[in-house]
Each structure stands twice: as structure tokens, then as C-alpha cells.
Participant: 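Below you'll find the structure I mean.
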Amino acid sequence: MKAKYIIALVAVGVLLVVYLVFDPSVSPFFPRCPFLQLTGLQCPGCGSQRAVHSLLNLDVLSALRYNALLVISIPALLFLFYVEMVRTRRPGLYVKVHQPLVIWTVLAVILIWWIGRNVVFLCK
């Protein structure tokens with residue numbers, strides 16, 4: 001069980017080094033958003049690669065401009081990773097976090113972000 005967490009942490013570490021060193025804005029090997037290319041509108045994840053690069057280079061304001069939802073979601077994602085790691089030791093916590101209300105709330109936040117960022121984008 002612990003091996004999969006170690007593998008996941010190593011993989012994340014390698015990705016973080018790649019995002020620290022290479023700028024997704026100018027590096028051709030980073031994927032572009034197909035939704036943005038097809039519609040001209042931003043998906044909820046648009047700007048995430050650039051935001052990660054900016055955060056790793058300690059430029060929080062740029063990261064927020066690229067994708068504020070990603071930046072403010074990092075503590076929640078770390079908490080979810082922790083909940084997964086202690087799933088067998090603290091099953092009550094796991095059950096509380098995976099309640100339908102929590103899942104629907106996360107979906108609502110993502111949808112509001114998606115719509116809101118495109119309304120602001122179209123009004124410029």
C-alpha cells in the first residue's frame with residue numbers, strides 16, 4: 001500500500017522539477033487546451049500549467065492570474081491526499097470527505113469558476 005504513495009510522490013516530484021525548469025508558455029512540449037482551441041473559451045483548468053510554473057518560481061500573483069482556482073485549491077488537494085493516505089486508519093474522516101454534499105459543492109465551485117472566468121474574459 002505504501003509503495004503506491006511513494007511512486008505517486010516521486011512522479012509528482014519529477015513533474016514539479018519539469019514545471020520549475022520549463023516555462024509552459026514558451027516550451028512546445030506542453031499540451032495546449034483542446035477546449036480553448038476549439039471554442040475560444042477557457043476551461044476550468046486553463047492556465048494551470050503556467051500557474052504551477054509561476055508558483056514554483058515564487059510568483060504567486062502571476063499564478064493567481066493564470067488560474068486562481070488551482071492556486072486556492074492546493075491546500076484542499078493536499079488534504080485529500082492526506083485523507084487517502086489515512087483511509088484505513090481514519091475511515092470516518094474518509095467517509096465525511098466523500099459525502100455527496102462535498103462532491104456536489106466542489107462541482108458547483110468548478111462550474112461557477114468556469115462560467116465566471118469566461119464572462120469576465122468575454123466582457124474585456
Participant: Let's go through Leu69 and Val109 carefully: what are the C-alpha distance in whole Å and the side-chain angles of both, what is the deciding distance for side-chain contact (heavy atoms from CB on, under 4.5 Å) to 0.1 Å, and is it a yes or a no?
Facilitator: CA-CA 9 Å; Leu69 182 61; Val109 168; 3.9 Å; yes

Participant: To the nearest 0.5 angstrom, please state how far the CG atom of Asn118 sits from the SG atom of Cys123.
Facilitator: 10.5 Å

Participant: For the pair Leu41 and Leu36, evaluate side-chain contact (heavy atoms from CB on, under 4.5 Å) and give the outcome as yes or no after the intermediate values.
Facilitator: CA-CA 5 Å; Leu41 299 172; Leu36 178 63; 5.7 Å; no

Participant: Strictly by side-chain hydrogen bond (donor to acceptor under 3.5 Å, both in side chains), give each pair with a member in residues 89-112 just once, sequence neighbours left out.
Facilitator: Arg87-Tyr94

Participant: Should Trp114 and Leu107 be counted in the same cluster of Ile, Leu, Val, Met, Phe, Trp and Tyr side chains packed under 4.5 Å apart?
Facilitator: yes

Participant: Between Ser62 and Asp59 (side chain of the first, backbone of the second, donor and acceptor by atom type, cut-off under 3.5 Å), is there such a pair?
Facilitator: no

Participant: Examine distances only and state if a side-chain atom of Gln49 and a backbone atom of Pro31 form a donor-acceptor pair shorter than 3.5 Å.
Facilitator: yes

Participant: Name all residues meeting the side-chain contact (heavy atoms from CB on, under 4.5 Å) criterion together with Ile74; count only those two or more places apart in sequence or in a different chain, and write none if there are none.
Facilitator: Leu55, Leu78

Participant: Who pairs with Trp113 by ring pair (Phe, Tyr, Trp, His ring centres under 6.0 Å), at least two apart in sequence or on another chain?
Facilitator: none

Participant: Enumerate the residue pairs fulfilling ring pair (Phe, Tyr, Trp, His ring centres under 6.0 Å) with a member in residues 46-80, sequence neighbours excluded, ordered by first and then second residue.
Facilitator: none

Participant: Please list, chain by chain and in numerical order, all residues satisfying side-chain contact (heavy atoms from CB on, under 4.5 Å) with Phe81, sequence neighbours excluded.
Facilitator: Tyr5, Leu9, Met85

Participant: Can you list the residues that meet the side-chain contact (heavy atoms from CB on, under 4.5 Å) rule with Ile112, with sequence neighbours excluded?
Facilitator: none

